[in-house]
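Whatever order the structure lists ligands and atoms in, that order sets their numbers, starting from 1. Computed from a prediction, not measured in an experiment: that's the story for all the values here.
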Amino acid sequence: MKVIKVLNNKEVGKMTAELILENIHSNPSIVLGLATGSTPESTYEYLIGDFKKNKTDWSKVRTFNLDEYVGLEPTHKKSYRYFMDEKLFKSVNINIKNTHVPNGINNTDPEAYDKLIAENGGIDLQLLGIGTNGHIGFNEPGTSFESLTSVVDLAQETIDVNSRFFASIDEVPKQAISMGLQSIMNAKKVVLIAIGKNKAEAIKQLVNGNISINWPCTVLQKHKDVTIIVDEEAASLI
Ligand code: F6R
């Protein structure tokens, strides 16, 4: 596990985007695993800036997002499909047909998502955020390390933390469809990013904790190619 400490959110975004760009340049039809939430926003901003300036070619890039809220249509403004379209896809020359986000409405065969990823040759580079409780994707504490994509219950802590994106806590979906921990471990390369003091404990567990389903992120200690990019606050306990 390689840990890179940088100053702040902006630097996390720059370093992460540069790493993603390097990988796109060496493999233009790369399969990227992508995350939503606040943390990757600075990365996506930098990627858009690069596209404007350097015209990096996204036309062959394929993407698979980690998760989606159950019950939200792809057009819903709080859906992760909408987030990705707005924050990245519409501002680079990606073919929208090459972008995949789990479907929060039609999700009777969640593992079909893992099959589709495998048919595309597997994820080359998986970008991850991390929850304050150590979740990756929406794999909450207690999730089996063997899990594949499935419909999952969100932990109360996740509902509370994510209520900042909604008008009221009652609007936060209680379930999501999420790639599993095994789905994430299948990626060839993992890049996990974290910003802020409230992630410090999860980063400490990820780097130094015992491998345990109580901290889902610790499964990554078993992966052979993980890079962690953190700001000073998220790194304050390691
Ligand atoms: C998002 C995801 C989650 C988030 C995590 C951190 O697709 O899978 O694991 O990465 O909840 O969210 P933020 O970045 O909003 O703190």
Practice item. Provide the number and element of each atom of ligand 1 under 4.0 Å from a heavy atom of Leu66. Key: 8 (O)
Practice item. Within a distance under 4.0 Å of any heavy atom of Gly129, pick out the atoms of ligand 1 and give their elements. Key: 10 (O)
Exercise for review: Identify the residue among Asp153, Thr158, Ile159, Leu154 that makes a side-chain contact (heavy atoms from CB on, under 4.5 Å) with Lys174.
Suggested key: Ile159
Practice item. Please determine, by modelled atom types, if Arg81 and Thr99 share a side-chain donor-acceptor pair under 3.5 angstrom. Key: yes
Check your understanding: What atoms of ligand 1 come within less than 4.0 Å of a heavy atom belonging to Gly37?
Key -> 14 (O), 15 (O)
Review point. What is the nearest protein non-hydrogen atom to atom 3 (C) of ligand 1, stated with its residue, atom name and distance?
Key: Gly137 O, 3.6 Å
Exercise for review: Output yes when Glu119 and Lys115 qualify as a salt bridge under the 4.0 Å nitrogen-oxygen rule, no when they do not.
Suggested key: no
Check your understanding: Strictly under 6.0 Å, is that where the ring centroids of Tyr69 and Phe83 end up?
Key -> no
Review point. Could an N or O of ligand 1 be found under 3.5 Å from any N or O of Thr36, whether backbone or side chain?
Key: yes
Check your understanding: Cut-off 3.5 Å, side chains only: do Arg164 and Ser38 have a donor facing an acceptor?
Key -> yes
Revision key, fill the gap. Looking only at protein heavy atoms, what sits closest to atom 16 (O) of ligand 1 is Lys199 NZ, 2.7 Å
Practice item. Any chance you could lay out the side-chain contact (heavy atoms from CB on, under 4.5 Å) test for Asp231 and Asn9, step after step, and finish with the verdict? Key: CA-CA 6 Å; Asp231 76 344; Asn9 182 7; 5.6 Å; no
**Study point:** Nearest-contact summary for atom 2 (C) of ligand 1 - protein heavy atom, Å
**Key:** Asp67 OD2, 3.3 Å
Check your understanding: Is the shortest side-chain N to carboxylate O distance from Glu41 to Lys87 below 4.0 Å?
Key -> yes
Study note, to complete from the structure: Closest to atom 6 (C) of ligand 1 (heavy atoms only, candidates Thr39, Ile130, Asn139) is Ile130
Check your understanding: Are Lys90 and Asp85 within salt-bridge range, i.e. N to O under 4.0 Å?
Key -> no
Practice item. Could you tell me whether ligand 1 has any atom less than 4.0 Å away from a heavy atom of Met84? Key: no
Check your understanding: Is there any N or O on Arg164 that sits under 3.5 Å from an N or O of ligand 1?
Key -> yes
**Study point:** Heavy-atom nearest option to atom 4 (C) of ligand 1, drawn from Glu157, His135, Glu140
**Key:** His135
